[in-house]
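These notes are about the structure you will find just below.
Heavy atoms only: backbone and side chains are in, while hydrogens, waters and symmetry mates are out.
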Amino acid sequence: MGRQVRAGTVFKDPGAPPNERYKIIHKGQEMGRPLGCVFGATSPDGIDWTPVEEPLLRDYGSDTQIVARFDEEIGKYRGFFRGRRPVDGEMPQIRRTIAYAETEDFNHWPRPETVVTTDVYDHPGTDIYTNAYTAWPDADAHLMFPAFYQREIDVMSVQLMTSRDGYNWERHTREPLIDGGDQGTSGDPRRDYTAGFYAGVGVVSMRP
């Protein structure tokens, strides 16, 4: 496409004209601007791409997995992006969150708003990295498999969240769907886990 594509996902747009049937949304950088942008591109076949010239979101640093799709139920595009919230303390800090926006025009998006953040039951040093959003197949509902990063032990684990409207999200359990690996016995929590995980985008049916 002639520009760098990072942290993006591809989706098939059922209502688009044939030459724009596939779309990609991704992070990028504009020359001479310090903050990142969110860009898009379209394709008739998922192979040959035409960039959308102007950023979909200008000066918005979504430096992680960006997920979008066209929701036929509401007639709009849904997008899930990196969000950030300030944390009070001796030094200015931020915590990573998940932000959401919707639009009728893929080429123009409003500023995303945070819809998923940590709460009082999470450790204060917890960030939410990727969102791994997907529509719940054959149901009027939505799923996310966000990666929760625990700074104090340097471990990433995947959790499950559900929503009926794509805006209000619930975590029904605090147990990881995929945890950070086997816990060891060295006595150092930063060395006692063997792995960290991120979920990809989409689900695969296991029905026969």
Side-chain angles (χ1 to χ4, degrees), residues 5-16 21-28 36-42 46 56-57 60-85 95-119 122 126-149 156-178 196-206:
V5 176
R6 297 178 61 191
T9 55
V10 175
F11 66 97
K12 192 173 182 178
D13 187 348
R21 185 56 45 85
Y22 293 87
K23 290 182 169 66
I24 186 171
I25 188 167
H26 65 91
K27 67 168 286 189
C37 298
V38 175
F39 288 97
T42 61
L56 312 187
L57 281 165
Y60 187 87
S62 189
D63 59 340
T64 189
Q65 179 190 71
I66 305 169
V67 183
R69 62 178 279 260
F70 183 76
D71 190 327
E72 295 181 85
E73 291 294 323
I74 64 172
K76 295 180 180 180
Y77 295 94
R78 294 182 182 271
F80 292 85
F81 307 83
R82 162 82 81 215
R84 293 174 175 82
R85 66 176 178 86
R95 289 291 181 269
R96 297 166 178 87
T97 66
I98 297 172
Y100 171 80
E102 61 185 43
T103 181
E104 295 181 356
D105 182 357
F106 177 73
N107 293 355
H108 300 91
W109 289 77
R111 208 78 175 170
E113 299 180 357
T114 292
V115 292
V116 178
T117 186
T118 53
D119 58 32
D122 292 304
T126 302
D127 284 281
I128 307 176
Y129 271 59
T130 54
N131 63 76
Y133 164 80
T134 185
W136 191 327
D138 304 321
D140 185 18
H142 310 265
L143 300 171
M144 275 201 291
F145 303 92
F148 278 67
Y149 175 58
M156 192 83 70
S157 62
V158 174
Q159 300 202 17
L160 170 65
M161 302 190 78
T162 63
S163 173
R164 282 293 180 186
D165 58 11
Y167 190 82
N168 298 288
W169 291 87
E170 296 183 35
R171 209 175 347 157
H172 298 279
T173 176
R174 300 284 159 158
E175 291 298 317
L177 194 65
I178 305 174
F197 299 95
Y198 297 98
V201 178
V203 293
V204 178
S205 174
M206 299 300 289

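- Side chain of Thr97 to main chain of Thr117: no donor-acceptor pair is present (N/O by atom type, distance under 3.5 Å, no hydrogens or angles).
- The minimum heavy-atom distance linking Ile66 with Thr9 is given by the pair O-OG1, 2.7 Å.
- Here the shortest heavy-atom pairing between Arg69 and Ala135 reads CZ-CB, 3.6 Å.
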Original post:
Do Asp165 and Ser163 pass the side chain to side chain donor-acceptor pair (under 3.5 Å) test, and can you show the C-alpha distance, the side-chain angles, and the key distance before you say yes or no?
Top reply: CA-CA 6 Å; Asp165 58 11; Ser163 173; 3.1 Å; yes
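- No donor-acceptor pair under 3.5 Å is formed between the side chain of Thr114 and the backbone N or O of Ala99.
- Two residues are said to be in side-chain contact when any heavy atoms from C-beta on lie closer than 4.5 Å; Pro137 and Val203 meet this criterion.
- The NZ atom of Lys27 lies 14.0 Å from the CG atom of Leu57; values are rounded to the nearest 0.5 Å.
- The two residues Val67 and Ile25 make their nearest non-hydrogen contact at C-CG2, 4.5 Å.
- Evaluated for a salt bridge (charged side-chain N to carboxylate O under 4.0 Å, His left out) with Asp127, the options Arg96, Arg85, Arg84 yield exactly one hit, Arg96.
- Both tests pass for Lys23 against the ring of Phe106: distance under 6.0 Å to the centre and angle within 45° of the axis.
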Original post:
Should His172 and Thr162 be marked as a side-chain contact (heavy atoms from CB on, under 4.5 Å) after you check the CA-CA gap, both sets of side-chain angles, and the distance that decides it?
Top reply: CA-CA 8 Å; His172 298 279; Thr162 63; 2.8 Å; yes
Original post:
Going through the distances and angles, do Met156 and Tyr198 end up as a side-chain contact (heavy atoms from CB on, under 4.5 Å)?
Top reply: CA-CA 8 Å; Met156 192 83 70; Tyr198 297 98; 3.1 Å; yes
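- For the pair Arg174 and Phe148, the cation-pi test (distance below 6.0 Å, angle within 45°) is failed.
- Between the side chain of Gln65 and the backbone N or O of Asn131 there is at least one donor-acceptor pair closer than 3.5 Å.
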Subject >> Audit row: Phe39, Leu56, side-chain contact (heavy atoms from CB on, under 4.5 Å) steps and yes/no >> reply: CA-CA 5 Å; Phe39 288 97; Leu56 312 187; 5.5 Å; no
**OP:** Apply ring pair (Phe, Tyr, Trp, His ring centres under 6.0 Å) to the pair Trp109 and Phe81, showing each step before the final yes or no.
**Re:** CA-CA 12 Å; Trp109 289 77; Phe81 307 83; 5.7 Å; yes
Subject >> From CA spacing to verdict: side-chain contact (heavy atoms from CB on, under 4.5 Å), Val38, His26 >> reply: CA-CA 6 Å; Val38 175; His26 65 91; over 6 Å; no
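- The shortest distance between side-chain heavy atoms of Pro14 and Phe70 falls below 4.5 Å.
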When the side chains of residues 138-146 are checked against the rest of the protein, which donor-acceptor pairs come out under 3.5 Å, sequence neighbours left out?
residue: Asp138; atom: OD2; partner: Arg207; partner atom: NH1; Å: 3.2
residue: His142; atom: ND1; partner: Tyr133; partner atom: OH; Å: 2.8

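- Taking both residues in full, the closest heavy atoms of Thr103 and Pro110 are given as CB-CD, 4.0 Å, listed atom of the first, atom of the second, then distance.
- Judged by distance alone, with hydrogens and angles left aside, the side-chain atoms of Glu170 form no donor-acceptor pair with the main-chain N or O of Met161 at under 3.5 Å.
- Between Tyr100 and Phe80, the ring planes are tilted. Angles from 30° to 60° get that label.
- A donor-acceptor pair under 3.5 Å links the side-chain atoms of Arg21 to the main chain of Ala16, judged by distance alone.
- Between Asp122 and Arg171 there is a salt bridge, since a side-chain N of the basic residue sits under 4.0 Å from a carboxylate O of the acidic one.
- Atom CZ in Arg164 sits 11.5 Å away from atom CH2 in Trp169 (nearest 0.5 Å).
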**OP:** List the steps, then state whether side chain to side chain donor-acceptor pair (under 3.5 Å) holds for Tyr77 with Asp13.
**Re:** CA-CA 9 Å; Tyr77 295 94; Asp13 187 348; 2.4 Å; yes
